[in-house]
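Only one structure is covered here, and it is reproduced in the block below.
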Amino acid sequence: MILTNSFVQNADGLVENISKAVVAGPEVVRLSVTSLLAGGHLLLNDLPGSGKTLLARSIARSLGSSFKRIQFNPDLLPTDITGSSLFNREENRFEFVEGPIFANVVLADEINRASTRTQSALLESMAEGQVTADGRTYPLPNPFWLVATQNDVDAYGTFPLPHAQLDRFMMSLKIGNPNEDEQAEILERNQRGDPIVEPVLDEQTIAAMQAEVREVEIAQAVRQYLARILVATRSHPGVTLGASSRGGVHLQRSAQAIAAMQGDGFLAPEHIKAVAVPVLAHRFIGTPGGATSFEEVIREVLDGIPVPI
C-alpha cells in the first residue's frame, strides 16, 4: 500500500494543533490521535485536574466536529445518554429525541461515577456505532469517538467498570503530572483564559483517514508474531486473564495507525511494540500475589518472542 502524502501531514498537523492547548508528554497526544485514527475508543485514567477534559475537547475542536460532554453521576439514567421517545401532541405520535451520545466526539467524564446499568448504555454505541430505542435503531455520526475519564483518587461511591466494558476501549492512557517547566507553560497558556484551538481537519477527512489506516498491509509472518504475543499473555504466570481476541484486533488496528502516521504502508513488529502497553495492559486481571505491573508483563512477553525477519 502507498499512503497519500496528505495522511502524514494531516496526522502531524493534528498532533501539533492539539499540543498548542494540551501540555503533556509527547506520546500522550500522539497515542490519543492514534486511537482516533484507528477508530477505537479511549480511556483516560489520571488524577483530577490533569487535563483529561482539555485533551478530549481540544481534539474535537481541532476537527471542527460536534462535541458533547456527559458528566456521569449516580443519578444519571441510560436514557440521559442515548435519548428517549417523547410524545408530540401536535402530531399525536412519539418522536425520538437524541441524547448527548449523538456527536462525533463524546466525553464520558468520570464514567465510574454512574451505576453499571447506566455504564452499559454505552456498550452498543461503542461496539456498533448505533443506539437502539423502542425497537428502532439510530446510527451515530461518523466518525464516532468516545473518550472516557476516571480519577485515580477519591474512589468512594464509584462503580468500577465491568471487564467487558474495559475490553471495549482500544487504549488506556495516563497524562501524568507535569514537571516544573511544563507546569510553568500551563500557567502561561491559561493566564488569559482557556487556550484557543482552531479546526485544522474535519470529520470527513478523519473518516477517510480511518479507512486508509485499514489498508496498511500486514504480512503473514507479522500477523503470526502478533498472535504469539496475544497467546503468551494468556499463559503468563502473573495474570489470570490476558489479552482477549478483541484486544488483539485493537492491537493490530492501533499498530496499523502508528504505521500510517509514520508513512509506512506495511505493518512491522516495531509498530506493534509501540502500542502494546496502552492497548493491552488495561485488559489484564492479575493473579493473587502475582504481577504488580501489567506493563512489565507485556514487556516480558515482547522480549520473549523472536521478531520475524
Side-chain angles (χ1 to χ4, degrees), residues 1 27-28 30-45 122-124 126-128 146 148 150 160-174 210 213-262 264-309:
M1 172 201 174
E27 285 303 301
V28 172
R30 194 160 190 85
L31 285 172
S32 298
V33 171
T34 301
S35 171
L36 169 66
L37 296 179
H41 308 296
L42 178 64
L43 179 63
L44 298 174
N45 287 287
L122 296 173
L123 291 178
E124 182 184 14
M126 295 174 68
E128 302 176 42
L146 179 75
Q150 293 187 123
L161 289 178
H163 191 78
Q165 186 154 5
L166 277 174
D167 197 50
R168 282 175 167 79
F169 285 99
M170 178 170 281
M171 288 189 190
S172 178
L173 298 175
K174 287 180 178 289
Q210 289 176 340
V213 162
R214 294 191 287 271
E215 296 301 321
V216 171
E217 300 289 346
I218 308 173
Q220 182 58 33
V222 175
R223 185 176 289 108
Q224 203 68 38
Y225 170 73
L226 197 158
R228 290 192 188 102
I229 294 173
L230 300 173
V231 172
T233 66
R234 299 166 193 161
S235 58
H236 192 282
V239 299
T240 57
L241 185 65
S244 65
S245 293
R246 181 189 291 117
V249 173
H250 285 176
L251 179 55
Q252 177 174 272
R253 185 62 53 77
S254 298
Q256 285 178 292
I258 282 287
M261 291 170 72
Q262 294 176 357
D264 299 326
F266 291 85
L267 195 66
E270 56 263 28
H271 301 136
I272 296 171
K273 290 182 177 182
V275 291
V277 169
V279 172
L280 296 182
H282 64 286
R283 306 172 196 271
F284 291 1
I285 296 178
T287 58
T292 56
S293 170
F294 294 143
E295 293 184 12
E296 292 180 6
V297 169
I298 295 171
R299 293 191 177 98
E300 286 179 15
V301 168
L302 294 174
D303 290 341
I305 297 177
V307 175
I309 299 175

Problem - Evaluation steps, side-chain contact (heavy atoms from CB on, under 4.5 Å), between Leu302 and Ile229 - result: CA-CA 7 Å; Leu302 294 174; Ile229 294 173; 3.5 Å; yes
Handout entry: Under 3.5 Å side-chain donor-acceptor pair for Gln252 and Gln256
Key = no
Any sub-3.5 Å donor-acceptor pair from [X]'s side-chain atoms to [Y]'s backbone N or O?
X	Y	answer
Arg234	Gly242	no
Arg283	Phe169	yes
His236	Val301	no
Thr233	Ala243	yes
His271	Ile258	no

Fill in the blank from the handout: side-chain contact (heavy atoms from CB on, under 4.5 Å) with Met171: of Leu44, Leu43, Leu31, only one passes, and it is Leu31
A side-chain contact here means heavy atoms from C-beta on lying under 4.5 Å apart; do [X] and [Y] qualify?
X	Y	answer
Lys273	Val307	yes
Leu123	Glu128	no
Leu122	His41	no

Practice task
Would you check, one step at a time, whether the test side-chain contact (heavy atoms from CB on, under 4.5 Å) holds for Gln150 with Leu161?
Solution key: CA-CA 10 Å; Gln150 293 187 123; Leu161 289 178; 3.7 Å; yes
Handout entry: side-chain contact (heavy atoms from CB on, under 4.5 Å) evaluation trace for Ile272 with Val222
Key = CA-CA 9 Å; Ile272 296 171; Val222 175; 3.9 Å; yes
Problem - Audit row: His282, Asn45, side-chain contact (heavy atoms from CB on, under 4.5 Å) steps and yes/no - result: CA-CA 10 Å; His282 64 286; Asn45 287 287; 5.9 Å; no
